[in-house]
Amino acid sequence: MTIDVETRPVAGGLKDLTRRSARLELDGIDFASFADRPLDADTLRCLRYMHDVENHTMCYLRDVLVTRAHRDPEVTAFLACWCYEEHWHGDALAQVLEAHGEPSSGERVASMRRQLSRRDSLRPLIFGLGSAFSEHMVAIHMAWGAVNEWTTQAGYGRLAARAEHPVLSELLHRIMKQEGRHIDFYASQARQRLSQSPGAQRFARFALRRLWAPVGSGVMPKAEVSFLSTHLFADPGGLQTARRVDRGVDRLPGLSGLHLLEGAVTRYATEALAA
Ligand SMILES: [Fe+2]
Ligand SMILES: [Fe+2]
């Protein structure tokens, strides 16, 4: 599957996207087959990360809803479906971990949430205040969401390519298809909102350049973020994919030349070599 980095309008409109929203289809995914052909340790390490971050979506939603995003019915309709679909991505990855005798779902999620920092509790306050003082917060959220969905989809694609396991590949490609619809919405919203406001473009560019880091880096240990980024994107194929994602970001109004993913991967790879 190719990585979708086009900022095309939502195919069939938002109604079509929300009405097609569904729990991830798992028919034909033979989780029991992992007993005969288990995944390698590096792939499982990436899957633990992806499981935890997919299961953190509700907490990300908490931060979005304290902004003016909750006043926009198109955005809230999408977010309802987005959060539901991401939940089932997390559940599917949990089944892969379970098949390898690893803790997953509630057990892992509860443990992760117990370790969240005090700073995490302040996020709704920070986002709420940001939204009260700036009309551009929703545009920034949409641009940020597009970048995160692009990188997530690319990460799944890279993991499928690196793991070379037919059952995992099929599962990840099904997840990637739904991530593609998330991309359509976020990128389309970001394009529309940014094109209407040079101020939103400046603010989004500043926020992404100064604050963006790979999805999950706010809640996952730095060693895990570094491992995932370098395992998936630091080899020639990975860098090619990272540049393709960055070219997608380039096409959003006011956001060209940020090189977000390639920059992050290069930083982590350099740090790993120096360690
Ligand atoms: Fe997902
Ligand atoms: Fe997604």
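Ligands are counted one by one from 1 in listed order, and the atoms in each one are counted from 1 as well.
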field: Shortest non-hydrogen separation from Ala143 to Leu208 and the atoms involved
entry: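 Shortest heavy-atom contact: CB-CD1, 4.4 Å.
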
query: Heavy-atom distance under 4.5 Å between the side chains of Trp82 and Glu86, does that happen here?
result: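 Sidechains of Glu86 and Trp82: in contact.
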
query: Taking NZ, NE, NH1 and NH2 as the nitrogens, is one of them in Glu271 or Arg267 under 4.0 Å from a carboxylate oxygen of the other?
result: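 No.
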
task: Give a yes or no on whether Arg45 atom CZ has more than 12 heavy-atom contacts from other residues, nucleotides or ligands under 6.0 Å away.
output: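 Atom CZ in Arg45 is crowded, with more than 12 foreign heavy atoms closer than 6.0 Å.
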
Check: Tyr186 ring centre within less than 6.0 Å of His182 ring centre: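 No, ring centres 6.0 Å or more apart.
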
If you look only at distance, which donor and acceptor atoms sit under 3.5 Å apart when one is on a side chain in residues 95-102 and the other is two or more places apart or in another chain?
| residue | atom | partner | partner atom | Å |
| --- | --- | --- | --- | --- |
| Gln95 | NE2 | Asp91 | OD2 | 3.3 |
| Glu98 | OE2 | Ser104 | OG | 3.2 |
| His100 | ND1 | Val96 | O | 2.8 |
| His100 | NE2 | Leu39 | N | 2.9 |
| Glu102 | OE1 | Arg48 | NE | 2.7 |
| Glu102 | OE2 | Arg48 | NH2 | 3.1 |

field: Polar protein atoms (N, O or S) that approach the Fe ion (ligand 2) to under 2.8 Å
entry: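 Less than 2.8 Å away from the Fe ion (ligand 2) sit Glu86 OE2, Glu149 OE1, Glu149 OE2, Glu179 OE1, His182 ND1.
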
